[in-house]
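Written below as structure tokens is the structure these notes are about.
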Amino acid sequence: MAPSSKPADFVLSGGGVKGVGLVGAVVALMDAGYLPQRISGTSAGSIVGAVVAAAAQTDEMTSAQVKELALQLDYQKFLDPGVVERVPLLGPSLALVRGSGIYKGDYAHGWVRDQLRSLGVSTFGDLAIDDDELPEEQRYRLVVTVADVTTGQLVRLPWDYRRVYGLDPDEQSVADAVRASMAIPFYFRPVPLTSSAGRTSTLVDGGLLSNFPIDSLDRTDGEAPRWPSFGVTVLPNLPDGNDKVIPALAALRLLGPSHLLEDVITTALVGRDQTYLNQPWVRARAIRVDSTDVGFLDFDITDDQVEALYANGYEAVDRFLATWNWSAYLRRFR
């Protein structure tokens, strides 16, 4: 990285295929001289964040290489059904009833594992950082948000491996944690995790509880932040974009003017993060990427759509940084 690099933390939202926009935003931040210190991600954000965190840890990848990686990803291969799930109609229906997920998620898992391995990263121990100002359990370059539906709680990995599961975080696979964070319920198979006590938890997409964990890297000791913590989201603006958060719920609008069920489900998924995002000091450091032309599950996305979504992410950061001033932010909010 260039000597003039400026430290910053990145928080990347979930968004399925929309995550291409996150890549454009991250590349733009890197091109502007921001060197990621820590990255927090959910679902698609965890995939992007893991690669960028590994690159930052090893200092072996340029922003141009990050872009190249994202644009060469074959999104159609994400849809890898199991043997039973390949049976038309019956297979997907059985997967939904059993809660096992229609798709295995092996391609995404393998892709993340291979990219990290090429950068010398396998376990979270490879992403450990020496930072005495952080709590010991948080001294890692990457943290991903996951929902544990067995214990009914949000967990942040690797931070919660020891507290919740009695496991050594340094020995846990980064690719496994990312795979859990992107396990969209009923769509991708959930990920089992067995604790040191022998209890097996079922882990699914962290977006179920926190799709844009923009507060996850904020200081909790009352001191001023050392550097910016930029959040990047591909979620639509609410409330006007309620119908775009979960496109599959749009059919409910055919039933009449009342959208209560749709609104309740949307609020359950994004309400926590939206509440925090509405705070002025948080909104001022959040970057919104226009992703309305691509759905969360549009894994048949075309090359032109990938390029356009990437460009939207890059341009969103350019617009944001045109008015961003770290000193002014501190004076106003800190």
Side-chain angles (χ1 to χ4, degrees), residues 1 5-15 19-63 65-67 69-70 112 115-116 119-131 133-135 137-146 155-160 169 172-182 206-207 210-219 225-234 273 282 285-287 289 313 317 320:
M1 298 295 177
S5 291
K6 298 163 285 194
D9 291 335
F10 298 170
V11 179
L12 309 178
S13 79
V20 179
L22 301 174
V23 181
V26 167
V27 170
L29 287 168
M30 294 172 68
D31 284 348
Y34 287 100
L35 177 63
Q37 304 303 299
R38 293 187 298 160
I39 302 175
S40 173
T42 297
S43 197
S46 72
I47 297 176
V48 177
V51 174
V52 176
Q57 186 80 343
T58 59
D59 199 21
E60 290 183 359
M61 185 177 290
T62 65
S63 60
Q65 290 171 314
V66 172
K67 175 184 179 181
L69 271 179
V112 172
Q115 301 309 320
L116 296 181
L119 292 166
V121 171
S122 177
T123 66
F124 278 101
D126 299 321
L127 292 177
I129 56 177
D130 185 13
D131 191 334
E133 292 197 41
L134 294 174
E137 69 276 7
Q138 296 184 14
R139 296 174 189 174
Y140 294 91
R141 184 79 65 181
L142 173 74
V143 58
V144 302
T145 303
V146 177
V155 292
R156 288 180 170 145
L157 306 178
W159 299 355
D160 291 328
Q172 307 309 310
S173 164
V174 178
D176 287 357
V178 171
R179 172 62 183 82
S181 183
M182 59 151 282
S210 183
N211 201 58
F212 186 31
I214 192 169
D215 60 328
S216 55
L217 300 181
D218 288 356
R219 297 189 68 145
R226 295 174 287 177
W227 45 69
S229 179
F230 297 124
V232 184
T233 179
V234 291
D273 300 326
V282 178
R285 54 187 168 92
I287 303 166
V289 178
V317 169
F320 173 83

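Both backbone and side-chain heavy atoms feed into the values below; hydrogens, waters and symmetry mates do not.
Using a 4.5 Å heavy-atom cutoff, the side chains of W227 and Q37 are in contact. The closest side-chain heavy-atom distance from L22 to V20 is not below 4.5 Å. L35 places none of its side-chain heavy atoms less than 4.5 Å from the side chain of M30. In this structure, the side chains of F212 and T42 stay at 4.5 Å or more apart for every pair of heavy atoms. In this structure the side chain of V66 reaches within 4.5 angstrom of the side chain of V23, judged on heavy atoms. Side-chain contact check for V143 versus L217: some heavy-atom pair is nearer than 4.5 Å. Side-chain contact between V26 and V232 is absent, with no heavy-atom pair separated by less than 4.5 Å. Within the 4.5 Å cutoff, side-chain heavy atoms of T145 are placed close to those of S210.
Taking the six-membered ring for Trp, F320 and F230 have ring centres closer than 6.0 Å.
Atom-to-atom distance recorded for F124:CZ and S173:OG is 7.5 Å, nearest 0.5 angstrom. Distance CZ/R139 to CG/D130: 7.5 Å, rounded to 0.5 Å. Considering OG1 of T58 and CG of L127, their distance stands at 9.0 Å, rounded to 0.5 Å. Within the model, atoms CG of D131 and CZ of R38 stand 7.0 Å from one another, a figure rounded to the nearest 0.5 Å. Distance CG/D218 to OG/S40: 10.0 Å, rounded to 0.5 Å. If you take CZ on R226 and CG on D9, they are separated by 8.0 Å, rounding to the nearest 0.5 Å.
Donor-acceptor pairing under 3.5 Å is recorded for the side chains of D31 and S63.
Judged purely by atom type and a 3.5 angstrom limit, K6 uses its side chain to pair as donor or acceptor with the backbone of A32. Q138 places no side-chain N or O within 3.5 Å of a backbone atom of P135 that could act as its donor or acceptor partner. Counting only distance, with no hydrogens or angles, the side chain of R156 and the backbone of V144 share no donor-acceptor pair below 3.5 Å. A donor-acceptor contact shorter than 3.5 Å is absent between the side chain of R141 and the backbone of I129. With hydrogens and angles disregarded, no donor-acceptor distance shorter than 3.5 Å links the side chain of Q57 to the backbone of L142.
The heavy-atom pair separating A54 from L119 by the smallest distance is CB-CD1, 3.7 Å.
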Next on the checklist: Apply side chain to side chain contact (heavy atoms under 4.5 Å, CB included) to residues V174 and V121 and explain how you reach the verdict.
Outcome noted: CA-CA 8 Å; V174 178; V121 171; 4.2 Å; yes

